[in-house]
K.L.:
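Have a look at this one.
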Amino acid sequence: MICCERGWHIVRMWAVLLVLWCGGASQACAQQEEKHPAETQDTIPAAQVKRERKTASGHARKKKIEEVKDSIAERTRQQADSIMAARKAAEGDSLVLDSAMLKVAGDSLSSDTASLKAMADSLSLDSARLTVLSDSLLQAVLAKRHQKAFRPDPIRSMWLGLVFPGGGQIYNRKYWKLPIFYGGFLGCAYALTWNGQMLRDYSQAYLDIMDDDPNTKSYEQMLPLGYDISGKEERFKEIFKNKKNYFRKYRDMSIFAFAGVYLLAVIDAYVDAELSSFDISHDLSLRLEPTLLAPGGTGMRHLQAAPGIQCSITF
């Protein structure tokens with residue numbers, strides 16, 4: 001379109017120049033006739049010949065200008081045709097490109113549908129696997145429920161606890177109680193060892209301070225370094241005697257505590273085995289609720305009902 005507009009603009013310029021040139025030529029001829037009227041009157045044939053020549057040359061120029069205009073118009077038309085052909089070719093290429101893009105989009109859509117189909121197949125397979133797995137888990141749970149619950153024998157649990165400390169708890173499968181009882185055994189053993197050692201030390205110191213042998217002075221190890229007990233022997237004899245009795249008492253208490261923990265482990269194993277068959281289902285319930293207590297006896301009819309609490313047990 002731009003080339004066509006330029007061509008028509010050139011044609012218009014040529015036409016304007018032609019009109020101006022023709023007007024200038026006619027004015028020049030009129031001026032010459034005005035300047036030489038005599039010559040024109042005298043030499044009419046020559047003027048006619050000259051005018052004819054000018055007319056012929058003007059026609060030739062007009063013809064040449066028309067030819068130039070036609071050539072310019074033809075070139076403009078050819079340029080316009082070439083532009084239209086280029087546009088059509090571009091539109092055809094764009095159509096081809098659009099068709100290619102549509103083809104690619106169709107291929108991608110087909111691939112997406114194929115992937116979606118594969119995904120749907122995998123999901124259906126996964127759902128089937130999940131169904132099978134859930135069925136197997138349900139069957140396992142039901143089979144576990146149908147299995148007979150473990151009921152320990154109280155007598156066996158008691159004898160195991162007597163033979164081996166903590167054996168009854170292991171038989172009853174109450175493993176969390178083992179650290180408690182073993183901790184009690186270790187504590188009693190430590191107390192027994194400590195009190196026994198102190199009892200032996202103070203007993204030997206008491207024997208050494210009571211005899212008259214100057215070579216037996218183990219009691220000095222119980223005193224501060226460099227401490228002299230000269231003149232205080234009777235007092236320290238009493239102190240060592242009290243200390244000996246004190247640690248003997250706590251040694252004996254440690255022995256009783258050890259035996260108590262041992263017997264407690266045995267009793268716990270026996271009671272735990274006995275209570276393993278005790279019903280603790282939801283059917284057992286204890287309910288407390290307020291109520292009105294009616295007066296009893298024949299001589300209490302004039303008394304009113306008193307508020308109270310009613311206890312009901314369901315089993």
Side-chain angles (χ1 to χ4, degrees), residues 137 140-210 218-219 221-223 236-290 308-315:
L137 289 174
V141 171
L142 292 176
K144 189 174 181 181
R145 286 184 178 180
H146 288 302
Q147 289 179 357
K148 187 177 180 180
F150 175 70
R151 303 293 184 186
D153 186 10
I155 303 299
R156 182 178 295 180
S157 177
M158 182 185 68
W159 280 109
L160 287 174
L162 287 171
V163 173
F164 173 71
Q169 282 73 27
I170 296 173
Y171 173 73
N172 294 336
R173 300 180 183 179
K174 298 298 177 65
Y175 306 106
W176 61 272
K177 295 182 180 181
L178 293 176
I180 299 173
F181 289 109
Y182 283 131
F185 288 138
L186 290 175
C188 293
Y190 176 77
L192 179 61
T193 304
W194 169 259
N195 291 315
Q197 182 64 38
M198 296 301 293
L199 175 61
R200 286 190 295 271
D201 293 341
Y202 277 103
S203 297
Q204 187 62 40
Y206 180 70
L207 291 175
D208 291 344
I209 201 173
M210 290 295 292
S218 61
Y219 58 89
Q221 297 177 2
M222 304 296 175
L223 300 175
F236 278 93
K237 288 178 181 179
E238 188 68 23
I239 291 173
F240 287 146
K241 181 180 179 181
N242 294 332
K243 285 289 184 179
K244 181 183 66 170
N245 295 330
Y246 174 83
F247 285 108
R248 179 183 288 113
K249 181 181 70 172
Y250 280 99
R251 184 203 60 179
D252 297 340
M253 289 180 64
S254 301
I255 295 171
F256 284 117
F258 191 91
V261 174
Y262 182 78
L263 291 176
L264 182 62
V266 174
I267 294 171
D268 176 76
Y270 179 80
V271 173
D272 195 3
E274 282 286 351
L275 295 178
S276 62
S277 59
F278 185 74
D279 189 8
I280 55 173
S281 62
H282 295 288
D283 295 335
L284 299 176
S285 63
L286 174 64
R287 185 178 181 183
L288 298 176
E289 57 184 4
I309 297 176
Q310 181 179 0
C311 176
S312 58
I313 301 175
T314 303
F315 57 91

K.L.:
In this structure, are over 12 heavy atoms from other groups packed under 6.0 Å from Arg248 atom CZ?
P.N.:
yes
K.L.:
Let me confirm one number: the CD1-CD distance from Ile155 to Glu274, rounded to the nearest 0.5 Å.
P.N.:
7.0 Å
K.L.:
To the nearest 0.5 angstrom, please state how far the OH atom of Tyr182 sits from the CD atom of Gln169.
P.N.:
8.0 Å
K.L.:
Under the ring-ring contact (aromatic ring centres under 6.0 Å, His included) test, which residues partner Tyr246, sequence neighbours left out?
P.N.:
Tyr250
K.L.:
Say you draw a straight line from CG of Leu192 to CG of Asp252; how long is it, rounded to the nearest 0.5 Å?
P.N.:
9.0 Å
K.L.:
Within the supplied structure, the quantity of interest is the number of heavy atoms (other residues, nucleotides, ligands) at a distance under 6.0 Å from Lys237 NZ; does it exceed 12?
P.N.:
yes
K.L.:
Quick check for you: to the nearest 0.5 Å, what is the distance between Tyr206 atom OH and Ile239 atom CD1?
P.N.:
12.5 Å
K.L.:
Report the C-alpha separation of Lys177 and Asp272 in whole Å, then their side-chain angles, then the decisive distance to 0.1 Å, and conclude whether the salt bridge (charged side-chain N to carboxylate O under 4.0 Å, His left out) test is met.
P.N.:
CA-CA 11 Å; Lys177 295 182 180 181; Asp272 195 3; 3.3 Å; yes
K.L.:
Given Phe240 and Glu238, is the side-chain contact (heavy atoms from CB on, under 4.5 Å) satisfied, shown in steps?
P.N.:
CA-CA 6 Å; Phe240 287 146; Glu238 188 68 23; over 6 Å; no
K.L.:
Taking atom CG of Leu199 and atom CD of Gln197, what is their separation to the nearest 0.5 Å?
P.N.:
9.5 Å
K.L.:
To the nearest 0.5 Å, how far apart are CD1 in Ile170 and CZ in Phe164?
P.N.:
5.0 Å
K.L.:
On a heavy-atom basis, which atom in Asp153 and which in Tyr171 lie closest, and how many Å separate them?
P.N.:
N-OH, 3.1 Å
K.L.:
Can you give me the closest heavy-atom contact between Pro154 and Ala273, atom names plus distance?
P.N.:
CA-CB, 3.5 Å
K.L.:
Which pair of non-hydrogen atoms, one from Tyr202 and one from Phe247, has the smallest distance, and what is that distance?
P.N.:
CE1-CE1, 3.6 Å
K.L.:
Identify the two heavy atoms, one from Gly166 and one from Leu178, that lie closest to each other, and give their separation to 0.1 Å.
P.N.:
O-CD2, 3.5 Å
K.L.:
What are the two closest heavy atoms between Asn172 and Ser157, and how far apart are they?
P.N.:
ND2-OG, 3.1 Å
K.L.:
What residues form a salt bridge (Lys or Arg N to Asp or Glu O under 4.0 Å) with Lys249, not counting sequence neighbours?
P.N.:
none
